[in-house]
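Worksheet: the structure to be examined is printed underneath.
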2 protein chains.
Amino acid sequence: MPTVTSLGDLERAAMQVAWESGPVTGRQVAERLADRGLAYTTWLTVLTRLERKGLLRRDRHGRAYTYTAVASREDHIAVLMRQALGQAQDREAALQHFARSVSPTEAQALRRALEDLE
Amino acid sequence: MPTVTSLGDLERAAMQVAWESGPVTGRQVAERLADRGLAYTTWLTVLTRLERKGLLRRDRHGRAYTYTAVASREDHIAVLMRQALGQAQDREAALQHFARSVSPTEAQALRRALEDLE
DNA sequence: TAGAAGTTCTACGTCTTGTAGGAGATGATG
DNA sequence: CATCATCTCCTACAAGACGTAGAACTTCTA
């Protein structure tokens with residue numbers, strides 16, 4: 001299981017944009033996050049690093065690159081959760097603790113999801 | 001939700017020992033992990049950092065300190081999983097993806113755990 | 001063909017983690 | 001009580017990740 005490195009603050013922000021706005025250019029990310037007052041090239045660097053981490057893919061479109069999330073946010077989160085779970089020596093016990101820690105709504109959603117599995 | 005910082009390699013190893021061997025001294029950790037060939041003070045530093053991160057607690061016992069895990073390994077893992085889940089904007093969707101990604105055995109364990117909830 | 005817009009490369013400061021030595025405190029032991 | 005074995009504390013340094021960005025080079029486009 002290839003370890004997913006944890007993301008920094010800017011990296012997370014850029015991923016949010018990629019997830020919410022579909023394929024984006026560096027320029028678009030910079031505009032979407034203009035409130036942070038960071039330089040355009042800062043976002044380019046962040047996007048490049050996210051590509052190297054395998055979270056984004058990029059395709060040329062004319063002069064510019066377009067960045068696309070490799071996995072959906074939900075998939076990414078599921079991977080993170082599985083990775084946490086993988087650290088348990090007793091997974092069933094860990095799952096039990098997890099089940100106890102979720103809200104009733106979440107528990108219900110989980111039950112439904114598990115039913116749909118079969 | 002106070003963010004749990006991710007652990008480094010040595011930190012994780014030290015936590016394993018703390019979880020498996022109950023309260024331990026720095027010396028014991030160093031011995032348990034002697035195969036790594038690291039200096040005793042290296043482990044002391046690691047334990048100190050884990051204490052600062054809130055994962056270990058320490059109590060004086062004569063001249064030495066004894067380190068104890070604040071949460072069980074399973075609780076810690078549940079926290080990590082919840083933290084991952086917390087990044088979703090649509091938790092139900094994320095849980096659904098997670099449910100789909102676990103093994104049949106794990107799914108069964110989860111179902112049981114959720115049943116026991118009520 | 002010149003300018004706008006894009007990319008690439010390089011760089012630097014800070015924080016985290018791995019790694020550990022030296023100095024000082026303290027408990028045990030003869 | 002003096003000394004030795006231990007223990008802690010403080011400090012340090014290298015490497016890597018991340019935030020941050022400018023300079024230089026490339027490429028559309030009018």
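All values derive from a computational prediction rather than experimental measurement. In what follows, chains are A, B, ... by sequence order, proteins preceding strands, each numbered from 1.
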Within the structure shown, what part of the strands sits under 4.0 Å from [X] by heavy-atom distance: base, sugar-phosphate, or nothing?
X       : answer
B/Arg58 : sugar-phosphate
A/Tyr40 : base
A/Thr66 : nothing

OP1, OP2 of C/dT19 versus side-chain N and O of B/Thr45: anything below 4.0 Å?
no

Does a side-chain N or O from A/Thr42 land closer than 4.0 Å to OP1 or OP2 of D/dA21, or not?
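So the side-chain polar atoms of A/Thr42 do come within 4.0 Å of the phosphate oxygens OP1 or OP2 of D/dA21, strictly under.
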
Return the value, rounded to whole Å, for the distance between atom [atom1] of [X] and atom [atom2] of [N].
X       : N      : atom1 : atom2 : answer
A/Leu47 : D/dA21 : CG    : P     : 15 Å
B/Glu51 : D/dT8  : CD    : C1'   : 12 Å
B/Arg12 : C/dT16 : CZ    : C1'   : 13 Å
A/Asp59 : C/dT7  : CG    : C1'   : 16 Å
A/Leu56 : C/dT7  : CG    : P     : 14 Å
B/Leu50 : C/dT16 : CG    : P     : 14 Å
A/Trp43 : C/dT8  : CH2   : P     : 19 Å
B/Glu11 : C/dC15 : CD    : C1'   : 13 Å

Taking for each residue the nucleotide of DNA chain D with the nearest heavy atom, is it A/Val46 or B/Tyr65 whose nucleotide lies nearer the 5' end?
B/Tyr65

Closest to the [X] side chain, choosing from [options]:
X       : options                : value
B/Arg27 : D/dC7, D/dA12, D/dA21  : D/dC7
A/Asp9  : C/dG18, C/dT8, D/dG19  : D/dG19
A/Leu10 : C/dT19, D/dT20, D/dC28 : D/dT20
A/Leu38 : C/dA28, D/dT20, C/dG21 : D/dT20
A/Arg63 : D/dC28, C/dG27, C/dA20 : D/dC28
B/Arg60 : C/dA20, D/dA21, D/dT8  : D/dT8
A/Lys53 : C/dA20, D/dC18, D/dC9  : D/dC18

Worked check of salt bridge (charged side-chain N to carboxylate O under 4.0 Å, His left out) between B/Glu11 and B/Arg49:
CA-CA 8 Å; B/Glu11 293 176 329; B/Arg49 288 176 181 166; 5.6 Å; no

Do the side chain of A/Thr41 and the base of D/dG22 come within less than 3.5 angstrom through a donor-acceptor pair of N or O atoms?
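Yes, the side chain and the base share a sub-3.5 Å donor-acceptor pair.
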
Please state whether the base of C/dG18 and the side chain of B/Arg49 form at least one donor-acceptor pair under 3.5 Å?
yes

Please check this pair: side chain of A/Arg111 against backbone of B/Leu114, looking for a donor-acceptor N/O pair closer than 3.5 Å.
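Yes; judged by distance alone, with no hydrogens or angles, the pair exists.
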
Judged by atom type as modelled, is there a donor-acceptor pair below 3.5 Å linking the side chain of B/Gln108 to the main-chain atoms of B/Thr105?
no

For residues A/Tyr67 and A/Leu33: do they belong to one hydrophobic cluster (side chain heavy atoms under 4.5 Å, members Ile, Leu, Val, Met, Phe, Trp, Tyr)?
yes

How far apart are the C-alpha atoms of B/Gln87 and A/Met15, what are their side-chain angles, what is the distance that settles it, and do they pass the side chain to side chain contact (heavy atoms under 4.5 Å, CB included) test?
CA-CA 11 Å; B/Gln87 288 178 49; A/Met15 285 306 296; over 6 Å; no

A/Glu20 vs A/Arg32, salt bridge (charged side-chain N to carboxylate O under 4.0 Å, His left out): CA-CA, chis, key distance, verdict:
CA-CA 11 Å; A/Glu20 281 158 21; A/Arg32 219 66 63 112; over 6 Å; no

